[in-house]
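Letters go in sequence order (proteins before strands), and every chain restarts at 1.
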Amino acid sequence: MLEEMKFIGEFWLLDVAVELEDGNPSIWLWCKDKDGKTYIVKQTYSPSFYIVSDKIRDILENLRSQQLRVEEVDRKIRGRDVKALKVYVNVEDVESAAKKIMKGLRNIEVFEEDIRPSTKYLIENGLKPSGGVRVLGELIEDGVFKIVEAERVEYIPDMISPPLHVLSFDAVYYSKSGSPRPERDPVIIISITTLKGLKIQLVGDEKEILREFIRIIEEEDPDVIVGFSSNRIHWNYLVERARINGLKLTIGRLSSEPHTSIHGHVSIRGRLNIDLEDMARDIPELTVETLEEFVSYLGLQYSFDTVEDWEVAETWEKNPEKIKRYSIQRAEALLKCYEALVDYIFSLSELTGMPADYVLTASTGFRVENYLMYLAVKKNELIPKKPEISHVSYIGGLVKSPKPGLHKDVVVVDFRSMYPSLMIKYNISFDTLSEDGEYISPNNYRFRKEPEGFLPHALKTLISERRRIQEKLKILNPESTEARVLNARQKAVKVISNAVYGYTGWVGARWYTREVAEATTSWGRQVILESMRRAEELGMKVLYSDTDSLFLQDYIGKLESFLKWIEEDLGLEAKIDKIYKRILFTEAKKKYAGITEDSKIDIVGLEAVRGDWSMIAREAQRETVKTLLEKGDVEEALKTSRRYVKKILDGDIELRQLIIWKQITRPLDEYEATQPHIVVARQLIQEGWRIQPGDKVGYIIIRGGGPLYRRVKPYFKVSRDEIDWEYYLDKQVMQACIRILEPLGVKLEELKKTGEVSLTDFL
DNA sequence: TTTAGGCATTCAGAATGAGTCTT
DNA sequence: AAGACTCATTCTGAATGCCT
């Protein structure tokens, strides 16, 4: 049998889809060979689900009598052995098929009918998207695409992606006022660039633009299409405009149109549809999540002639060249971002087993879950459904109040991945949780020592994978492609392993187990408390501590034995994270600023790093902190603050510096309290702008009476003479500055003495 | 389609209370 | 003298975005 199978080749798996062929679901694997040739590997596949019951024999007979294909198999539920029936159904919609079959059966539990067939196919066969596959079967067509009827497909680890053809695009729509609406407003520009160097801008007649766009994509036949907001806006928009113009947006392979798959992700057959906005959204450093911000976050050198949404119509009429330039710049920048990120995206995709475009739209919880599902199948664990319970929150990490003031020579000691380590150390897992467990958490949950739990196993696998990568990295030239790829891979591994603890405490998780999360944090609190005690015993001062970090003073000569104690007595790892020459604490937890030995300034938690404060307040605070930490002199810092106070009094500040950005977090009618940014959002919607949860609204406070929300305007509608300078003085700049100076004994009134300062300077 | 809890902060709006005016 | 009203202050909860 084996000998009869023909070896077709080793490929890189781009995407997977279920397609109906003669009414039967069939798996299509879109693959690339090392030269970039595209293969469609087809394999017949019967989706299945499981039934668990006491009366398994009866059910087996019952189902067989209905001509169903059923197997009796050994599986596990939370570590416990069970007999299960695996029922095959030759349809795409397993859930309704299962429901139909289950009708009339009692006392049964059903598993895995809610998992999409394409996902299940990958998991059961251990195949990873963005990973390698070895294909055995028969080549049945050798045209534009090579089509293979596969008999067997196996995973090959560590395959680096072949050269892919990448195309990026940006589209601009014209709307006289408000956000463009597809039923009304036309496409005016589409800019296209490719990694191969193509650079085209389509302008003029809309129908021609769209026709050309479709033609170019068909002709270029890219493997990857990169866009920004393409899932949320562009694809639907372009499909609709094409329809209105009597066209079909056949930009998918084999002339298919894009279609919305689950939850905001748009699928394009045979290609990866990568929307970098999805990625930007889960980078916490980004506040406004624009392409511009993303580019600069990535450290890329690229400048834009930015045209903001609200000024598109006006600019198009007065200076169309500017918009054209901006659009092509965006398309080019997208390619650069893609190049900077592609290794990470593919690593995350391969690790979690989600296709590269899909993994970006998935939240952390689902990424972890997908990873765990692979392990579950390997360990014969049945994959449970989401629990239908409401969440009860539990106690988390311990935070010790800081000692306020300016301190010298402070070392920060961090536990290395504390929660994962504890989960491994105490075998904390949903399948080891047991009344008679040997490991008893400080809050009295018990976990068995043997056998190794599912989650500890997952974590160990991740950690050893990371070690393996890091070992390999050591012998590589850091500039090499392979090193870059491996580095991205180890980052992805770390992200997933750090999220496992949080996953167990998430109600949306299939393996939600509050006890696991709760026990983990309780052991964490015990560890940090013991460490504080130990540090003090050794003669160090604990200035502050948050969850798994300790800020220690008088550490010279004592740190070594402390770290040794952590390793030997606690069985955990800790490392020196930072050494601060000077560090400032306020009364508040989670806020501080320090200067390291190499004179780098860290600002943590303070207004200067918060996106919901005006730039001017943030800058004033940052500069005050900088002066304070660099010079160690309160008077000097005070002077810096006063400079900013004076700037406000003089009105010597750009309007742009006064914008306050706040996120819309839910549909507007769900808000209970009236707030400035909500008022502005409502106003903008009234004027035809599209504002959805996740969007950020920028406003400026203007003069007038009443509550703040009556004194706000969208930032782009404000003129200088209506600004409420007093607000920016009292509530922004002075608040931000006094936060720093107050712990050092400076009073609020002293900030305002800008006039006298120059006088006393003379004396 | 929300990994977790802990925390500071601002603002709106209700509650409170003192003081003053009206009946 | 009791109640109505005003105004300032205090308290509470909603909302956001940070930290580990």
Inset, instruction - Could you tell me whether the side chain of A/Lys589 has a donor or acceptor atom within less than 3.5 Å of a complementary atom in the base of B/dC7? - result: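 Checked by distance alone, the answer is no.
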Legend entry - Pair of N/O donor and acceptor under 3.5 Å linking B/dT3 base with A/Tyr419 side chain: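 For A/Tyr419, whose side chain was compared with the base of B/dT3, there is no donor-acceptor pair (under 3.5 Å).
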Counting just side-chain N and O atoms, does [X] come under 4.0 Å of either OP1 or OP2 of [N]?
X: A/Arg739; N: B/dT9; answer: yes
X: A/Thr665; N: C/dT16; answer: yes
X: A/Gln675; N: B/dT10; answer: no
X: A/Arg666; N: C/dT16; answer: yes
X: A/Ser363; N: B/dT3; answer: yes

Legend entry - SB check A/Arg281 A/Glu277 (cutoff 4.0 Å):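 The answer is yes: the pair qualifies as a salt bridge.
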Inset, instruction - Can you tell me which residue pairs pass the side-chain hydrogen bond (donor to acceptor under 3.5 Å, both in side chains) test with a partner in residues 705-714 of chain A, sequence neighbours excluded? - result: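 Found A/Arg711-A/Asp724, A/Lys713-A/Glu722.
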Inset, instruction - With a 4.0 Å heavy-atom cut-off, tell me which residues in residues 695-714 of chain A come close to DNA chain B, sorted by residue number. - result: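 Of all residues in residues 695-714 of chain A, the ones placing a heavy atom under 4.0 Å from DNA chain B are A/Pro707, A/Leu708, A/Tyr709.
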Legend entry - With sequence neighbours excluded, residues passing ring-ring contact (aromatic ring centres under 6.0 Å, His included) with A/Tyr439: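 If we apply the ring-ring contact (aromatic ring centres under 6.0 Å, His included) test to A/Tyr439, skipping adjacent residues, the hits are A/Tyr426.
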Atom pairs and distances, donor-acceptor, side-chain atoms in residues 604-613 of chain A, under 3.5 Å, two or more places apart:
residue: A/Glu607; atom: OE1; partner: A/Gln621; partner atom: NE2; Å: 3.0
residue: A/Glu607; atom: OE2; partner: A/Arg739; partner atom: NE; Å: 2.8
residue: A/Glu607; atom: OE2; partner: A/Arg739; partner atom: NH2; Å: 2.7
residue: A/Arg610; atom: NE; partner: A/Asp612; partner atom: OD1; Å: 3.1
residue: A/Arg610; atom: NH2; partner: A/Asp612; partner atom: OD2; Å: 3.1

Listing, residues 656-670 of chain A side-chain donor-acceptor contacts under 3.5 Å, not counting sequence neighbours, or none:
residue: A/Gln657; atom: NE2; partner: A/Glu619; partner atom: OE1; Å: 3.4
residue: A/Thr665; atom: OG1; partner: A/Tyr671; partner atom: OH; Å: 3.1

Legend entry - side-chain contact (heavy atoms from CB on, under 4.5 Å) partners for A/Asp357, two or more places apart: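 Residues passing side-chain contact (heavy atoms from CB on, under 4.5 Å) with A/Asp357: A/His265, A/Leu272, A/Asn273, A/Ile274, A/Pro355.
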